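Remarks on the structure that follows.
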Amino acid sequence: MTARIYAGAAALALLAGYAHAEGHQPFAVGEGDFNWDSLAAIGEQYDLTGQTIDITGPWTGNEKEKVDKVFSYFADVTGATVTYSGSDSFEQDIVISARSGSAPNLAVFPQPGLAADLAGQGLLTPLPEGTADWVRENFAAGQSWVDLGTYADANGADQLYGIFYRVDVKSLVWYSPIAFDEAGYDIPESMEELKALTDQIVEDGGTPWCIGLGSGAATGWPATDWVEDMMLRTQSPADYDAWVSNEMKFDDPKVIAAIEEFGHFARNDAYVDGGASAVANTDFRDSPAGLFAIPPKCYMHRQASFIPAFFPEGTVVGDDVDFFYFPAYADKDLGKPVLGAGTLFAITNPSDATNAFIEFLKTPIAHELWMAQGGFLTPHAGVNLATYQDDSLRAQGDILLNATTFRFDASDLMPGEIGAGAFWTGMVDYTTGKDAAAVAEGIQERWDAIR
């Protein structure tokens, strides 16, 4: 559809009859639990007939198919042409195109580090004025999302460059509801309760945890997620940020304490399936298997939202296995921090139509249209949770909406030699018996050496 569809109830009904009947779009406009009014408002505000918005990012295959469908609704109500190209080599491609002056209008960055680098080189355009206030007010833990999207420009001044769209949650503990019910265990609401439950399972003759760090050349990374979650549960968000940037040294007592919090679980033979010596050698993909054994070889497994891909075939999340929020300490007054990852939109070639697209990303409908297709989480507080494709995603979305702080995976933000090198290997050394302080000192020495 090339001509602009003027929005409003009647116009949206016409659009529904055209696009849905043609099979171009998965949801009929005006039907279901979607916030269709927010799409109508975009159509009423913008006439972009004849204008093109070019977007590039890391989404390919099935993900590209889903996001293309989301963008088609914007195109239909505004008259704009929206083209999205996904690439497995996005990180390299966007640097080349930005530096050569041939960048698309918008780029979808899989993590903030590269966006911050391009902003510092003057290759990104700040988001429209007022966007920071909007994010602060409309995203759960809004200040966290402002912080994650704010970078220094070429003159060193902080500007908001990124608005997040599609998020992953890592602060999850997976468990067997059947095993919990049979043993009479309740879901812990605090870290104190989680530690008490861990001890109770041991007293009852069971093994609380399955933990595995194996991942080929990347062995050790699951432990970094544990440590990051523990930093957020024992220290302030400001301390976490200082650690990520190395303003707080890796061998600071606060970081060592977080490593030892991980060790509380991973270095106790009674707590881990196979004993502490098995942690470093067990492949992370195989490590949840104990949840499904009869009797269970473990009762809990801390891992991100992607882990069901490695559960036994036919496993039904919500029945055979479920998850709960990896809880915070009740006595530390740090709220409900969530560790995760996510993708952000940034402007690489500004235009009025591009700004209009940023306004679309603020609408609930822009998020709900992917939520309903699956594989999408959002901190947008205005969305209707009923549009999530399934109960599992809805529960994860609820965790995001109840977060008081959100922080990105620290190892992904650190220099590669640290976050994808010394941190990984250091955690393997720690898990196999090396002192936490010595491990942290070694990681800091590596960091100092690359300056």
Side-chain angles (χ1 to χ4, degrees), residues 57-60 62-63 66-67 86 88 90-91 94 107-117 135 139-151 161-174 215 218 220-233 237 240-241 243-245 284-285 302-310 323 325-326 336-346 361 367 370-371 374-380 392-393 395-416 418-420 423-424 427:
W59 299 317
T60 60
N62 181 252
E63 292 177 335
K66 291 178 179 179
V67 79
D88 292 331
F90 163 79
E91 287 89 346
I94 191 61
V108 184
F109 290 87
Q111 53 104 334
L114 179 56
D117 289 344
V135 171
F139 275 20
Q143 186 59 51
S144 294
W145 298 105
V146 172
D147 294 342
L148 285 166
T150 298
Y151 321 119
Y161 286 98
I163 183 168
F164 278 81
Y165 181 80
R166 195 184 186 209
V167 175
D168 296 314
V169 173
K170 295 193 172 189
S171 301
L172 303 176
V173 178
W174 298 84
S215 186
W221 73 259
T224 70
D225 285 358
W226 271 88
V227 173
E228 290 154 5
D229 251 335
M230 287 305 189
M231 274 293 289
L232 289 172
R233 282 151 183 74
Y240 185 91
D241 295 341
W243 171 52
V244 168
S245 66
F284 84 93
R285 289 156 285 217
R302 188 225 152 274
Q303 190 50 275
S305 54
F306 70 82
I307 198 62
F310 301 104
F323 59 86
Y325 167 69
F326 188 53
K336 289 188 174 182
V338 170
L339 178 73
T343 48
L344 64 96
F345 276 83
L361 293 178
H367 299 248
W370 197 339
M371 289 163 60
F376 185 95
L377 298 172
T378 179
H380 194 310
S392 175
L393 289 169
Q396 292 176 49
D398 193 54
I399 288 173
L400 269 177
L401 293 184
N402 284 302
T404 56
T405 299
F406 185 95
R407 282 298 184 267
F408 216 88
D409 183 300
S411 60
D412 286 345
L413 301 179
M414 294 173 179
I418 305 302
F423 196 180
W424 290 353
M427 289 304 94

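All of these numbers come straight from a predicted model, not from anything done at the bench.
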Report summary line: Hits for side-chain contact (heavy atoms from CB on, under 4.5 Å) against Asp117, two or more places apart or cross-chain, chain-then-number order -> Gln121
Query raised in the report: Leu393 and Leu377: which non-hydrogen atoms are nearest, and at how many Å?
Result: O-CD2, 3.4 Å
**Report entry** Geometric class of the Phe164/Phe408 ring pair [parallel <30°, tilted 30-60°, perpendicular >60°]
**Finding:** tilted
Report task. Please name the pair of heavy atoms, one in Pro237 and one in Arg407, separated by the smallest distance, quoted to 0.1 Å. Result -> CB-NH2, 3.5 Å
Report task. Write down the atom of Pro222, the atom of Gln303, and the distance for their closest heavy-atom approach. Result -> CB-NE2, 4.3 Å
Requested in this report: Measure the spacing between CH2 of Trp221 and CG of Asp412 and express it to the nearest 0.5 Å.
Outcome: 10.0 Å
Query raised in the report: Closest approach of Ala341 and Val167, non-hydrogen atoms and distance?
Result: O-CG1, 3.2 Å
Requested in this report: Could you check Trp145, Tyr161, Phe109, Tyr165 and say which one makes a side-chain contact (heavy atoms from CB on, under 4.5 Å) with Leu344?
Outcome: Phe109
Query raised in the report: At what distance, to the nearest 0.5 angstrom, does CD1 of Ile307 lie from NZ of Lys170?
Result: 11.5 Å
Query raised in the report: Hey, what do you get for CH2 (Trp424) to OG (Ser411), rounding to the nearest 0.5 Å?
Result: 7.5 Å
Query raised in the report: Taking atom CG of Asp168 and atom CG of Leu339, what is their separation to the nearest 0.5 Å?
Result: 11.0 Å
**Report entry** Expected output: side-chain Ser171 to main-chain Phe326 donor-acceptor under 3.5 Å
**Finding:** no
Query raised in the report: From Leu172 CG over to Arg302 CZ, what is the distance, rounded to the nearest 0.5 angstrom?
Result: 7.5 Å
Requested in this report: State which residues pass side-chain contact (heavy atoms from CB on, under 4.5 Å) with Glu63; sequence neighbours excluded, sorted by chain then number.
Outcome: Trp59, Arg166, Trp370
Query - Polar side-chain atom of Tyr240 near backbone of Ala410 as donor-acceptor pair, under 3.5 Å - result: yes
Report summary line: The reported gap from CG in Asp409 to CG in Asp229 (rounded to nearest 0.5 angstrom) is 9.5 Å
Report task. Might you point out which heavy atoms bring Thr378 and His380 nearest each other, and give the distance in Å? Result -> OG1-N, 3.0 Å
Query raised in the report: How far apart are the closest heavy atoms of Trp174 and Ser305, and which atoms are they?
Result: CZ2-CA, 4.2 Å
